[in-house]
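Since the structure comes first, as structure tokens, the remarks are kept for the end.
The figures that follow rest on heavy atoms only: side chains count, while hydrogens, waters and symmetry mates do not.
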Amino acid sequence: MSKLFSNLSIRNLTLKNRIIMSPMCQYSAHDGFATDWHLVHYTSRAVGGVAAVIQEATAVCPEGRISYGDLGIWKDDHISKLKEIVKVIEENGSIPGIQLAHAGRKASCELGWKRGEQIKEGENSWQTVAPSPIPFYETDNTPAELTEVEIEKIIYDFALAAQRSITAGYKIIEIHAAHGYLIHQFLSPLTNQRKDQYGGTFENRIRLLIRIVDAVGLLLDESHSLWVRISATDWVDNGWNPEESTQLASLLKDKGVDVIDVSSGGNLPHVKIPVGKNYQVPFAKEIKSRTGILTGAVGLITEANQAEEILQKEEADLIFIGRELLRDPYFALHAAKSLGDDLKWPLQYERAK
């Protein structure tokens with residue numbers, strides 16, 4: 001059997017293969033509530049054979065949404081529909097996960113297919129917040145600098161969101177600390193110019209994430225796994241960088257984080273990123289080799305042989321598939337066939353195998 005379709009045990013969870021559905025915004029929620037679109041969308045990928053489904057960025061508070069169409073988990077009323085989604089993911093053989101997020105200065109935006117630009121006023125606009133009053137684009141509204149009291153509330157919001165996630169039945173909790181959203185804004189010295197305990201030194205800039213991980217970790221038992229998605233680099237000089245990412249990953253491992261989901265960029269506009277096949281894999285490899293923590297590779301991984309090679313070279317432990325799963329919900333089934341693995345198909349589909 002290929003390594004891509006080998007099992008991996010994390011705490012009391014067993015991933016049936018190494019293919020993870022990467023969180024991807026659907027911009028199809030109403031007041032944070034999931035809809036039947038989300039139910040069908042996530043169920044189809046579970047039917048398609050992925051080991052785990054990580055639900056898109058789900059806001060821990062209303063102002064933490066990227067757009068007015070984002071999923072939310074800031075109130076108990078959100079739980080009911082999410083339970084339904086979790087149930088069918090599990091019934092179809094995948095482990096349900098959720099990405100908890102706060103967009104910070106990159107919030108209050110239009111839907112992704114409507115260009116996603118910031119909505120500066122009106123019904124679907126709200127005041128954005130950030131570690132420092134620096135807008136993402138110069139033409140964006142200036143975000144309000146968070147006070148230490150407001151930071152305490154955000155930590156509490158993440159903890160409450162994690163508790164609701166557990167109640168809904170999610171087994172994997174992923175903290176979104178990548179792509180220029182709030183936690184990443186604190187990590188990078190280019191967006192964090194604070195003079196208090198949350199700014200300046202490396203230890204201060206990572207403080208928000210560490211405190212969130214501590215708060216969420218207290219809620220989890222051995223039947224749950226805590227993951228963190230990071231951007232390994234800002235792709236610019238003097239920004240957040242791979243060395244700091246490795247140092248952070250080591251600390252997170254000591255805090256009980258099981259997997260580092262390794263992406264990059266997103267914190268600054270107009271950055272030249274050398275996008276190409278496996279362009280982010282070296283970051284996952286570096287973190288894995290230097291810290292021993294499990295890592296996930298993501299970004300332009302579109303073929304079974306490509307994914308298998310990454311695993312065989314021990315450059316990562318998990319393969320996060322994003323847009324290829326939008327193109328092909330049954331990527332895992334097709335990947336197994338191309339690698340010569342006899343993967344079990346849903347009984348309803350067996351006659352087409």
Side-chain angles (χ1 to χ4, degrees), residues 1-24 45-46 49-55 93-99 170-178 213 217 220 222-233 242 245-264 277-322 324-325 331-332 335-336 339 341 343:
M1 175 175 282
S2 66
K3 194 165 184 179
L4 187 60
F5 287 94
S6 63
N7 292 348
L8 178 65
S9 294
I10 302 175
R11 300 188 185 274
N12 291 341
L13 302 176
T14 300
L15 297 166
K16 64 183 180 182
N17 58 56
R18 307 301 181 95
I19 302 173
I20 310 298
M21 181 179 182
S22 198
M24 292 173 283
R45 275 70 190 178
V50 300
V53 170
I54 309 299
Q55 182 175 292
S94 290
I95 296 174
I98 185 171
Q99 185 185 69
Y170 294 98
K171 301 301 184 185
I172 297 168
I173 311 295
E174 179 173 274
I175 305 300
H176 196 357
V213 165
L220 306 182
E222 290 298 304
S223 65
H224 296 85
S225 183
L226 182 57
W227 300 9
V228 174
R229 170 167 274 194
I230 65 169
S231 283
T233 178
S245 291
T246 301
Q247 194 176 346
L248 173 63
S250 181
L251 293 170
L252 292 175
K253 181 184 179 185
D254 291 342
K255 292 284 184 181
V257 171
D258 295 312
V259 174
I260 303 295
D261 174 3
V262 188
S263 189
S264 71
K277 181 180 177 180
N278 289 7
Y279 73 108
Q280 295 175 148
V281 173
F283 303 128
K285 177 184 177 181
E286 180 77 1
I287 290 170
K288 172 180 166 62
S289 65
R290 290 182 58 186
T291 69
I293 197 169
L294 297 173
T295 63
V298 63
L300 289 183
I301 302 171
T302 61
E303 299 174 353
N305 287 329
Q306 177 189 7
E308 177 69 11
E309 185 177 12
I310 291 167
L311 296 173
Q312 289 292 347
K313 290 182 175 179
E314 297 190 352
E315 295 174 322
D317 302 281
L318 296 167
I319 304 297
F320 282 72
I321 302 291
E324 190 59 28
L325 275 171
F331 172 84
L339 292 173
D341 291 319
L343 197 65

- Please list, chain by chain and in numerical order, all residues satisfying side-chain contact (heavy atoms from CB on, under 4.5 Å) with A232, sequence neighbours excluded. S245, V262, F283
- Note on the structure: When every non-hydrogen atom of K288 is compared with those of E315, the smallest separation belongs to CD-C, 4.1 Å
- Message: I'd like to check the side-chain contact (heavy atoms from CB on, under 4.5 Å) partners of K277; sequence neighbours left out, ordered by chain and number.
- Response: Q306
- Task: Give, for atom CG of L248 and atom CD1 of I293, the distance between the pair rounded to the nearest 0.5 Å.
- Result: 9.0 Å
- Task: Write down the atom of I95, the atom of K171, and the distance for their closest heavy-atom approach.
- Result: CG2-CB, 3.7 Å
- Task: Please round to the nearest 0.5 Å and tell me the distance separating atom NZ of K3 and atom CD1 of I319.
- Result: 10.0 Å
- Check whether any side-chain N or O of D341 sits under 3.5 Å from a backbone N or O of L343 as a donor-acceptor pair, and report yes or no. no
- Item | Donor-acceptor under 3.5 Å (S231 side chain, T233 main chain) | no
- Message: Within the 3.5 Å criterion, strictly below it, is a donor on S264 or Q280 matched to an acceptor on the partner's side chain?
- Response: yes
- Message: Testing L294, N17, V259, D261 one by one against L318 for a side-chain contact (heavy atoms from CB on, under 4.5 Å), which residue passes?
- Response: V259
- Message: If I take atom CZ from residue R45 and atom CD1 from residue I19, how far apart are they, to the nearest 0.5 angstrom?
- Response: 13.5 Å
- Item | Contact summary for A316 and G296, nearest pair of heavy atoms | CB-C, 4.4 Å
- Message: Once side-chain contact (heavy atoms from CB on, under 4.5 Å) is applied, do any residues pair with A304, and if so which ones, sequence neighbours excluded?
- Response: A335, S338, L339
- Query: Can you tell me how far CD of Q55 sits from CD1 of I172, rounded to the nearest 0.5 angstrom?
  - Reply: 12.5 Å
- Between atom OG1 of T291 and atom CD1 of I260, what is the distance when rounded to the nearest 0.5 Å? 7.5 Å
- Task: Go through the steps to decide whether F320 and R229 satisfy the test side chain to side chain contact (heavy atoms under 4.5 Å, CB included), and finish with yes or no.
- Result: CA-CA 11 Å; F320 282 72; R229 170 167 274 194; 4.1 Å; yes
- For R18 and D317, indicate whether the former's side chain and the latter's backbone hold a donor-acceptor pair under 3.5 Å. yes
- Message: Quick one, S250 with R290, criterion side chain to side chain donor-acceptor pair (under 3.5 Å). Give me CA distance, side-chain angles, the key distance, then yes/no.
- Response: CA-CA 8 Å; S250 181; R290 290 182 58 186; over 6 Å; no
- Provide the closest heavy-atom pair for S225 versus L13 in the form atom of the first, atom of the second, distance. CB-CD1, 3.9 Å
- Message: Keeping E308 on the side-chain end and L4 on the backbone end, is there a donor-acceptor pair under 3.5 Å?
- Response: yes
- Message: Exactly one of L15, V298, I321 should register a side-chain contact (heavy atoms from CB on, under 4.5 Å) with I20. Which one does?
- Response: L15
- Between T302 and F331, the two heavy atoms sitting closest are O-CE1, 3.4 Å
- Item | Closest non-hydrogen atom pair between T295 and A284, with its separation | OG1-O, 3.3 Å
- Message: Using modelled atom types and a 3.5 Å cut-off, is there a donor and acceptor pairing between side-chain atoms of S94 and backbone atoms of V50?
- Response: yes
